[in-house]
Amino acid sequence: MHISERSPLKKNYDIIIIGGAIMGASAAWFLSDNKDFDGSVLVVEKDPSYANSSTMHTNSCMRQQFSTDLNVRISQFAADYVKNLRKFMGGDERVPELTIRNFGYMYFADNEDFADVLRESQRVQLRAGAATQLMSPREIKEKYPFYNVDDIVLGSINLIDEGYWDGTAVFDWWRRQSKERGVEYIANEVVAMTKGKSGTQIESVTLKSGDVISCGQVLNASGPRANRTAAMAGIDVPVEPRKRYSWIFAAEQPLDQDLPLTIDPSGVHVRENGGGTYQCGGHSGIDPAVDYDDFTMDFDIWQDHVWPILATRIPQFEAIKVQTEWAGHYAYNTFDHNAIMGPHSEVSNFYFLNGFSGHGLQQSPAMGRGTAEMLIYGTYKTLDMSPFNYERIPNNKPIIEKAVI
Ligand SMILES: Cc1cc2nc3c(=O)[nH]c(=O)nc-3n(C[C@H](O)[C@H](O)[C@H](O)COP(=O)(O)OP(=O)(O)OC[C@H]3O[C@@H](n4cnc5c(N)ncnc54)[C@H](O)[C@@H]3O)c2cc1C
């Protein structure tokens, strides 16, 4: 699709955000919401339809079941933010009141090693105030009789603040309200950056339209293209596009209760979608990095891999009909699957907001808030996000998050 580029209104901004999907929009909104900040913000988005962004391909669910305390707390803030969206947006009565459809995420372990991971993660989650319950196969079968649990040794589920939420509504309102407060969004693409003589500051970004715009700080919110953007600043960030397939199907005989977002030990996952339909996700076992523009569907994966797994786990799903399918990209952090945020250690006005794989939508409120704090104060004021600093990569200090989907 051809996008006609627009030049920005000014030649100089305090903050330029590269990428205006959920992360860029969150950071822009939290900046616009901060009373200590009255600087100028430009959001450059190469495709304002967002058609190929991760944000448009999402499952739009949140969970409290992570294995690190910080990731649990990030999702707790997401739940608080979503349930109190209007309040967070200054009581604006145009903003809808949202809820979370709490069907929970059901993790299945089919071996003792992974069961131990679930047990250990539950302890972390309970300490942080989450309501995760471990379930034996018998308990699972009693509550969710439709599952085949013959190979399962343990299940883990949490029915509070865990399930579907309307990510699109939050995204729309972040953009709308921040624009009303003076944040400028333009359709254009950042194609180059220029550093000052010392090499430690980005002085300007060059846009596809040819405009050269000088900046105080630059935020990389370019999703799966994070490394391409970082390369313009001479930086390498270990994030690459990985393809993830989604299918929405209707069941001939729908389940008579909500289906939790079920994570089969194979990695295939499926959840309630309402009205007798279900949303399923999976990927190829090989899982290479793909081209930034490669969204071709692999139809064999469904037939040969995903559907047989589904029908084994939930025999009622033998008789189903696919309604829609698509391929999207995870911005996959190959180093440790976690977020990378905050300033670069040498190019100190270049900030990251990258590497969110399959959990960026729910992390977006805390990430936008933390990023705004770091940009304004040079430190985190609410949740300490410093474990996600870029330096952990050259220092080879990964954060191990075991609950990755
Ligand atoms: C199939 C699938 C299911 C998912 N399910 C969930 C889920 O249930 N829950 C959850 O929390 N998360 C989920 N996620 C993850 C979540 O969707 C992402 O982590 C999140 O949307 C990432 O947002 P982003 O803004 O970082 O990236 P993106 O949404 O990809 O946005 C990046 C933007 O940057 C723009 N851009 C790139 N380069 C430039 C440039 N040089 N100049 C200007 N603009 C540029 C792009 O056009 C794009 O709009 C899922 C993801 C996928 C793919």
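Any value given below was found using the heavy atoms of this structure, including those in side chains, with hydrogens, waters and symmetry copies removed. In listed order, ligands and their atoms are each counted from 1. Note that the numbering runs from 1 along the sequence shown for the chain.
Screening Trp174, Tyr81, Trp173, Trp29 for a ring-ring contact (aromatic ring centres under 6.0 Å, His included) with Phe88, the sole residue that qualifies is Tyr81.
Looking only at protein heavy atoms, the nearest one to atom 34 (O) of ligand 1 is Gly19 CA, 3.2 Å. Closest to atom 9 (N) of ligand 1 among all protein heavy atoms lies Cys61 O, 2.8 Å. Among all non-hydrogen protein atoms, the one lying nearest atom 15 (C) of ligand 1 is Ser357 O, 3.2 Å. When hydrogens are left out, the protein atom nearest atom 27 (O) of ligand 1 is Gly223 CA, 3.4 Å; that is the closest non-hydrogen contact. From the protein, the heavy atom lying nearest to atom 29 (O) of ligand 1 is Thr55 OG1, 2.6 Å. Protein heavy atom closest to atom 16 (C) of ligand 1, with residue, atom name and distance, is Leu361 N, 3.7 Å. At the shortest separation from atom 31 (O) of ligand 1 among protein heavy atoms lies Ala21 CB, 3.0 Å. The protein non-hydrogen atom at the shortest distance from atom 3 (C) of ligand 1 is Asn59 N, 3.5 Å.
Within the listing of ligand 1, atoms 20 (C), 21 (O), 23 (O), 25 (O) sit less than 4.0 angstrom from a heavy atom of Ile22. The distance from ligand 1 to the heavy atoms of Tyr50 drops below 4.0 Å at these ligand atoms: 49 (O). Under a 4.0 Å criterion applied to the non-hydrogen atoms of His359, ligand 1 contributes the atoms 10 (C), 11 (O), 12 (N), 15 (C). Residue-ligand proximity, Phe356 to ligand 1, at heavy-atom distances under 4.0 Å covers atoms 19 (O). Close approach of ligand 1 to Gln362 is summarised as follows: ligand atoms under 4.0 Å from at least one heavy atom of the residue are 9 (N), 10 (C), 11 (O). Ligand-side atoms of ligand 1 in range of Val44: 43 (C), 44 (N), range being under 4.0 angstrom from any heavy atom.
Selection from Leu261, Val205, Val190 by nearest heavy atom to atom 41 (N) of ligand 1 gives Val190. Nearest to atom 2 (C) of ligand 1 by heavy atom, out of His57, Arg244, Gln279, is His57. Of the listed options Ala339, Pro48, Gly282, Ser222, Ser222 places a heavy atom closest to atom 38 (N) of ligand 1. By heavy-atom distance, the residue among Pro224, Ser54, Gly360, Pro241 lying nearest atom 17 (O) of ligand 1 is Ser54. Nearest to atom 45 (C) of ligand 1 by heavy-atom distance, out of His283, Glu189, Lys46, is Lys46. Here the shortest heavy-atom distance to atom 25 (O) of ligand 1, taken over Met23, Lys208, Arg242, belongs to Met23.
A donor-acceptor pair under 3.5 Å links the side-chain atoms of Gln64 to the main chain of Asp161, judged by distance alone.
Pairs engaging residues 303-315 under the salt bridge (Lys or Arg N to Asp or Glu O under 4.0 Å) rule: Asp151-Arg313, Asp264-Arg313 [sequence neighbours left out].
By the 4.0 Å heavy-atom criterion, Ser60 is counted among the residues contacting ligand 1. Proximity of Ala78 to ligand 1 is not established, as no heavy-atom distance is less than 4.0 Å. A heavy-atom separation below 4.0 Å is found between Ser246 and ligand 1. His329 counts as a contact of ligand 1, since one of its heavy atoms falls under 4.0 Å from the ligand. By the 4.0 Å heavy-atom criterion, Asn188 is counted among the residues contacting ligand 1.
Of the charged side-chain nitrogens involved, none lies within less than 4.0 Å of a carboxylate oxygen, so that Arg369 and Asp33 do not count as a salt-bridged pair. The residues Asp294 and Lys243 are annotated as salt-bridged, a charged nitrogen and a carboxylate oxygen being separated by less than 4.0 angstrom.
Taking the six-membered ring where tryptophan is involved, the planes of His359 and Phe66 are perpendicular, since the angle between them exceeds 60° and thus also 30°.
Close N/O approach between Gly20 and ligand 1 is not found [any backbone or side-chain N/O within under 3.5 Å]. Below 3.5 Å of separation, one finds an N or O of Glu45 facing an N or O of ligand 1.
Taken from OG in Ser53 to NZ in Lys46, the straight-line distance is 10.0 Å, to the nearest 0.5 Å.
Between Pro145 and Gln257, the closest side-chain pair of non-hydrogen atoms falls below 4.5 Å. When side chains are defined from C-beta on, Ser246 does not count as touching Ile248, because their heavy atoms never get closer than 4.5 Å. A heavy-atom distance below 4.5 Å is not found between the side chains of Phe249 and Trp307.
Judged by the 6.0 Å distance and 45° axis criteria, Arg392 is not positioned over the aromatic ring of Phe388. By the 6.0 Å and 45° rule, Arg175 stacks over the aromatic ring of Phe171. Taking the ring axis of Tyr330 as reference, the NZ or CZ atom of Arg244 stays within 45° of it and closer than 6.0 Å to the ring centre.
Between Phe295 and His329, the ring center distance clears the sub-6.0 Å criterion.
Thr371 pairs by the side-chain contact (heavy atoms from CB on, under 4.5 Å) definition with Ala27, Leu219, Met341, Leu353, Leu375, not counting sequence neighbours.
Only the backbone of Ala221 comes within 4.0 Å of ligand 1, counting heavy atoms alone; no side-chain atom from C-beta on gets that close.
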Exercise. Under the salt bridge (charged side-chain N to carboxylate O under 4.0 Å, His left out) criterion, do Asp80 and Arg73 qualify, and how do the steps go?
Worked result: CA-CA 11 Å; Asp80 183 32; Arg73 293 192 189 278; over 6 Å; no
